[in-house]
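The chains referred to below are lettered A, B, ... by the order of the sequence lines, with proteins before strands, and numbering in each begins at 1.
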Amino acid sequence: MVRLTLTGNHCVAYAVKLSKVKVVSAYPITPQTTIVEKISELVDLGDADIKMIRVESEHSALAAVYGAATAGVRAFTATSSHGLLYMHEMVWWVAQARVPLVMAVVTRTIGPPWNIWTDHHDIMDQRDTGWLIMMAENNQEVLDETIKLFKITEDPEVYLPGIVGLDAFILSHTVEPVEIPEQELVDSFLPERRQPYVIKSGEALIMGNVPSDLLTNSRMRWDIHLGLRRAEKVIDRVDMEWGKLTGRRYGGLTECYKCEDADYLFVGIGAWVGDMRLAADRLRAVGMRFGVLKIRYVRPFPYLRVLDSVRGKKGVLVFDRSVSAGSAGPLFLDLVSHMYPHRLNIPIKNVVAGLAGYEVNYEDFFRIGESFVKEVSETGWVSEFLEFYPGR
Amino acid sequence: MPLTIRDLPKEKYVLPGNAACPGCPEAMGLRYVGMALGSKAILVIPAGCTSIIQGLMPGSGLSFPIVNVAFSSADAVASGVAVAKELIAEESVVVVWAGDGATADIGFATLSGAAERNDNIIHICVDNEAYMNTGIQRSSLTPLGAWTTTTWRGKTEPKKNMPLIMISHGVPYVATASVAYPMDFIEKLRKAASIKGFKYIHLHAPCPVGWRFDPSETVEIARLAIETGMWVLMEAENGKIRISPPSKPYIDKNRRKPLKEYLERQGRFRDVSNELIKELEKEVDEYWELLIRLSSQ
Ligand SMILES: Cc1ncc(C[n+]2csc(CCOP(=O)(O)OP(=O)(O)O)c2C)c(N)n1
Ligand code: SF4
């Protein structure tokens, strides 16, 4: 084990090298760029045995790694924002072809205007595609989860591609001390690549021609949903396996911070969960018992786990860094749509904040938490279920 | 030694039960790809008529390994497949089989990228001069004056010259071919397979449905394109252009049949005016002059 001080993006690059990825293809876009730059550097220095395909667009980047993966090797790509939207057609294609591979998404605002700071519209736009989607809170988690995702996506129960998400700049370009596991440790953790089929010369296997039977096709579609549901167990199991080897467990699908005895919960994804922890501590210090439910996997959405965590609370505050315009924040929508059929009826509020990279820190969470408690304890409910945080 | 029919393998790669229209040039072309490359071929196929020709899953009317892919993505997918196969040392020839739309329009940037990187694949543009799969809409490879369902009075722009554009990429091998000259096409495919790097073969493929002629006449129409000089068979190895034997006689302008003989056989040119025919003739003559100049250098 080595300790290094690394940016989130460089953590991704090291994880790709340690996972013995064979083919990487990507296209530059801020703030993803330093991932491929670092991988290129590792390759050019002879430190990584990876073939780079330096393509002319993101659509081609995902197409190229899809080609490599479908032909039988481990493959990786990374992108952000407009790049992710540009490859959107291929995002669907790869999942429906059931080809496991991993992509890092450095979350960034979508233009216009041109804006490189983080929000989650780009990654949340992929929720329906059939990919596993996780958001990391810190750089160590970025490194660990990138390695773990290869194992999870290549599990026969899953066989779907996966996204590791990290917030622009807050993680991608900020250094933190991280532990880099030994190659032998990763080798003992990560088996040889498995995938449902391999396209080979001499074998007349066809992927993707027109279906004769729409019910079969319909079942194939539904199995993508089932594959994601099955992934829940795999994610938790792999988290435990990794924890045994490294001492680092993240809770798998979700992580709870002081949830047990909490009256109120912050719910969120990504880097700002760190600020929520701090705010929860401060709120506890003034007598308001808060906890934090960090949702690590947005897909599969771990609703049973989430419902267990929120059950019995006096109130829940869900923070979204994106909005499904005309409706509400996507994380909130996922949560409440599972609460109703499970007869969970507790005060819940959605705060949409931090759009376009507008900074939100622990003081903001503190203030929002404080007024939420006031409202809920005075009225027993919330007057507005959806609020845009107007800033300070 | 020229290739003869006896030299060709008997193995069939286009099977009964495929879903091609009668007289389909794409099915013909695929047959020749099978004869040329045999079991080494892996096909990457973007949206187009061949998506349908393959027949219905879980069966298939084609006996190649095939990756069907999104319309504009084929060359990038093929690059990935080729790189992976090289890494695991599996002998294969990765072939993109793409229509004129997938080649010259929506997939153009992807194609250009793979060519510029000199990725080790063969791109075959099967050129039926329109988007046939979606119902005969114009593409940038539809010729001037041709009727399509988006150019009811005839296309007002000339056909884009893809072979020259690909030669300009500086790739090791570019060739043109025609479904009426299978031996020429097969020889070119085999040569392409023996060269490492990016190879482009542009296959002229008259489509009875979209061009409005009888399905029994596909080969005749394709041959007329050569005999009138409208389509020229050539190849460029490392940029050095050579006119191929079937087109050689037509270097001499006087030996070319009148263009009218080609046009009047196709319903899509029914309303072409005499002026437009003159313009097309001028286009043909100028292209030949350019090719003769380039090939003598
Ligand atoms: C992104 C996208 N846009 C449009 C289509 C619809 N589409 C499918 S095939 C096709 C035309 C194909 O034309 P061409 O490449 O010339 O091949 P052909 O059908 O003539 O063989 C179109 C427009 C699609 N599949 N994907
Ligand atoms: S429309 Fe033309 S190219 Fe397409 S399948 Fe029919 S004959 Fe072949």
On a heavy-atom basis, the closest approach of A:Asp122 and A:Arg108 is OD2-N, 2.8 Å
Note: vs chain A, highest number of non-hydrogen pairs under 4.5 angstrom among B:Ala78, B:Ser51, B:Ser72 is B:Ser72
Bottom line for A:Lys51: the part with an atom under 4.5 Å from chain B's heavy atoms is side chain
Subject >> Enclosure of B:Glu86 CD (heavy-atom neighbours >12, cutoff 6.0 Å) >> reply: no
Counting heavy-atom pairs under 4.5 angstrom with chain A, the leader among B:Ala19, B:Gly113, B:Ala70, B:Gly59 is B:Ala70
With chain B, the option among A:Asn209, A:Val55, A:Ile53 that has the most non-hydrogen atom pairs under 4.5 Å is A:Asn209
inquiry  = Can you confirm whether or not the ring centre of A:His82 sits under 6.0 Å from the ring centre of A:Trp114?
reply    = yes
Under 4.5 Å to a heavy atom of chain B? For A:Thr70 that would be side chain
Turns out that what part of A:Leu205 lies under 4.5 Å from chain B's heavy atoms comes down to backbone
Between A:Ala71 and B:Lys85, the two heavy atoms sitting closest are O-NZ, 3.0 Å
Exercise. More than 12 foreign heavy atoms under 6.0 Å from CG of A:Asp213: is that the case here?
Worked result: yes
The interface call for B:Glu91 against chain A, heavy-atom contacts under 4.5 Å, is backbone
Ring-face cation of B:Lys188 near B:Tyr173 (centre distance under 6.0 Å, axis angle within 45°): no
When the 4.5 angstrom heavy-atom criterion is applied to A:Val198 and chain B, the contacting part is side chain
Honestly, the part of B:Ser63 sitting under 4.5 Å from a heavy atom of chain A is both
Answer key: most heavy-atom pairs under 4.5 Å with chain A among B:Gly38, B:Gly55, B:Ala74 is B:Gly55
- Message: Check the orientation of B:His204 and B:Trp211. Use parallel for under 30°, tilted for 30 to 60°, and perpendicular for over 60°.
- Response: tilted
Requested in this report: Please say whether more than 12 non-hydrogen atoms of neighbouring residues, nucleotides or ligands are located less than 6.0 Å from NZ in B:Lys160.
Outcome: yes
Whatever's closer than 4.5 Å to a heavy atom in chain B on A:Glu89 counts as side chain
Applying a strict 4.5 Å limit to non-hydrogen atoms, the region of B:Val67 in contact with chain A is both
Among A:Ser212, A:Gly208, A:Ser57, the residue with the most heavy-atom pairs under 4.5 Å to chain B is A:Ser212
When the 4.5 angstrom heavy-atom criterion is applied to A:Val65 and chain B, the contacting part is neither
| message | Would you say the ring centers of A:His88 and A:Tyr86 fall short of 6.0 Å from each other? | response | no
Greater than 12 external heavy atoms within 6.0 Å of A:Lys22's NZ
no
Note: vs chain A, highest number of non-hydrogen pairs under 4.5 angstrom among B:Ser39, B:Ala114, B:Ala82 is B:Ser39
